[in-house]
There are 2 protein chains.
Amino acid sequence: MDATAGTQLMPVLAQLIRVVRQTDAPDGLSLVALAVLRRLEAGGSGRISELARVERASQPGMTQLVGRLERADLVRRVPDPHDGRGVLVELTDGGRAQLARTQAGYAATLDTLLSRLDEDDRAAIAAALPALGRLVRADTPVRSA
Amino acid sequence: MDATAGTQLMPVLAQLIRVVRQTDAPDGLSLVALAVLRRLEAGGSGRISELARVERASQPGMTQLVGRLERADLVRRVPDPHDGRGVLVELTDGGRAQLARTQAGYAATLDTLLSRLDEDDRAAIAAALPALGRLVRADTPVRSA
DNA sequence: TATTGTTATACTCTATAACTATA
DNA sequence: TATAGTTATAGAGTATAACAATA
């Protein structure tokens with residue numbers, strides 16, 4: 001029955017993501033960009049290589065993403081005091097504000113969708129949220145199949 | 001408390017999508033491509049303009065996507081017998097097979113993640129699946145905020 | 001004249017390969 | 001020699017604008 005759960009879950013996830021992203025603010029933040037900003041907000045700062053690894057992006061890809069975010073004044077680069085090769089990426093105030101706006105927009109869309117469900121459905125989803133959070137965090141490298 | 005639900009849900013969705021997509025088969029199907037194939041499997045065939053509307057893509061974008069899928073022998077174009085301007089897009093056998101493979105891969109990844117949760121969490125997610133399905137289908141144009 | 005679809009073009013995002021600088 | 005990051009380059013994906021064909 002677990003196979004059924006995974007099979008059912010994927011299309012729902014994909015559809016929800018597309019609905020939310022295309023419905024709401026065209027603020028130009030990709031999912032990865034959003035994740036990086038969220039991680040910087042939670043963790044204070046991060047190395048390029050660490051961000052690349054955690055977000056499953058290539059190192060050049062992360063360099064480029066950080067470059068775009070920096071050009072938009074959402075993050076800044078500071079030299080790593082402990083390693084002359086390294087760079088620490090920090091959230092700017094503008095980045096923090098943008099992150100809040102974007103998350104609020106997405107949340108509003110989801111809440112609109114949720115408001116169209118009946119009380120039982122909303123309760124079921126609310127009850128599953130902690131488990132879904134843990135599902136995401138159960139994210140050590142998956143090599144299925 | 002609904003605001004909290006939406007706020008909690010979005011990061012989970014984004015992270016899950018990225019984990020699943022980057023963990024598994026690099027088969028080159030975008031989320032939209034996957035959704036189109038799934039829709040064609042369910043619905044038999046579809047017009048370009050209809051697919052574009054339903055998947056919230058531009059019409060040229062859908063033309064291009066169908067072009068890529070056609071080049072990969074996953075779909076074929078046939079003239080609409082009732083409208084000389086129209087094109088019907090149909091799934092090929094190869095497309096059906098590819099869709100099955102891709103969905104199985106995603107499902108396997110999700111099932112691997114699910115298997116790491118305890119029984120209560122799995123039950124909570126399973127219980128929320130029907131509601132999540134309806135959440136997606138509650139997808140008439142959302143203009144939140 | 002409106003609708004369906006395509007072509008032309010441009011931009012974002014991300015990857016691999018090659019390179020520089022520091023450890 | 002290995003690691004951190006960047007630059008160069010290429011390809012996928014998608015958008016808007018302009019166009020062709022049919023209704």
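In what follows, chains carry the letters A, B, and so on, assigned in the order in which the sequence lines appear, proteins first and then strands, with residues in each chain numbered from 1.
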Problem set entry | Interatomic distance where CD1 belongs to A:Ile48 and C1' belongs to C:dT22 [whole Å] | 16 Å
Exercise. Can you tell if the side chain of B:Met62 reaches within under 4.5 Å of the side chain of B:Val36, non-hydrogen atoms only?
Worked result: yes
Exercise. Reckon A:Arg56 has a side-chain N or O less than 4.0 Å from the OP1 or OP2 of C:dT14?
Worked result: no
Seminar exercise, completed: Of all heavy-atom pairs linking A:Asp73 and A:Thr92, the shortest is O-OG1, 2.6 Å
For this session: Would you name the heavy atoms of A:Leu114 and B:Ala5 that are closest together and state the gap between them?
Result: CD1-CB, 3.8 Å
Exercise. Rounded to the nearest Å, what distance is computed from the CZ atom of residue A:Arg85 to the C1' atom of nucleotide C:dA21?
Worked result: 9 Å
Exercise. Phosphate oxygens OP1/OP2 of C:dC13: is one of them under 4.0 Å from a side-chain N or O of A:Ser30?
Worked result: no
For this session: Mark yes or no for whether A:Thr109, through its side chain, and A:Val20, through its backbone, hold a donor-acceptor pair below 3.5 Å.
Result: no
Exercise. Would you say A:Gln64's side chain and A:Pro60's backbone share a donor-acceptor pair under 3.5 angstrom?
Worked result: yes
Exercise. Is there a chain of hydrophobic side chains (I, L, V, M, F, W, Y, each step under 4.5 Å between heavy atoms) that links A:Leu74 to A:Leu88?
Worked result: no
Exercise. Is B:Asp83 touching bases, backbone alone, or none of the nucleic acid, heavy atoms closer than 4.0 Å?
Worked result: sugar-phosphate
For this session: Anything under 4.0 Å to a heavy atom of chain B counts; send over the first and last such nucleotide of DNA chain D, read 5' to 3'.
Result: D:dG13 to D:dA23
For this session: Using a heavy-atom cut-off of under 4.0 Å over every strand shown, decide if A:Arg47 touches base, sugar-phosphate, or nothing.
Result: sugar-phosphate
Exercise. What residues form a side-chain contact (heavy atoms from CB on, under 4.5 Å) with B:Ser30, not counting sequence neighbours?
Worked result: B:Val32, B:Ala33
For this session: Indicate, with a heavy-atom threshold strictly under 4.0 Å, whether A:Arg77 touches base, sugar-phosphate, or nothing.
Result: sugar-phosphate
Problem set entry | Min side-chain heavy-atom separation A:Leu34-A:Tyr106 under 4.5 Å | yes
For this session: Quick one: label A:Ser58 by what it contacts on the DNA or RNA (base, sugar-phosphate, nothing), any heavy atom closer than 4.0 Å.
Result: base
Exercise. Which residue lies toward the 5' end of DNA chain C, A:His82 or A:Leu31, if each is placed at its nearest nucleotide?
Worked result: A:Leu31
For this session: Output the residues of residues 59-67 of chain B in contact with DNA chain C, where contact means a heavy atom of the residue under 4.0 Å from an atom of the strand; sort by number or write none.
Result: B:Gln59, B:Pro60, B:Thr63, B:Gln64
Exercise. Any donor and acceptor pair, going by atom type alone, linking the side chain of B:Arg96 with main-chain N or O of B:Glu41 inside 3.5 Å?
Worked result: no
Exercise. In whole Å, what is the span from the CZ atom of B:Arg68 to the P atom of C:dT7?
Worked result: 14 Å
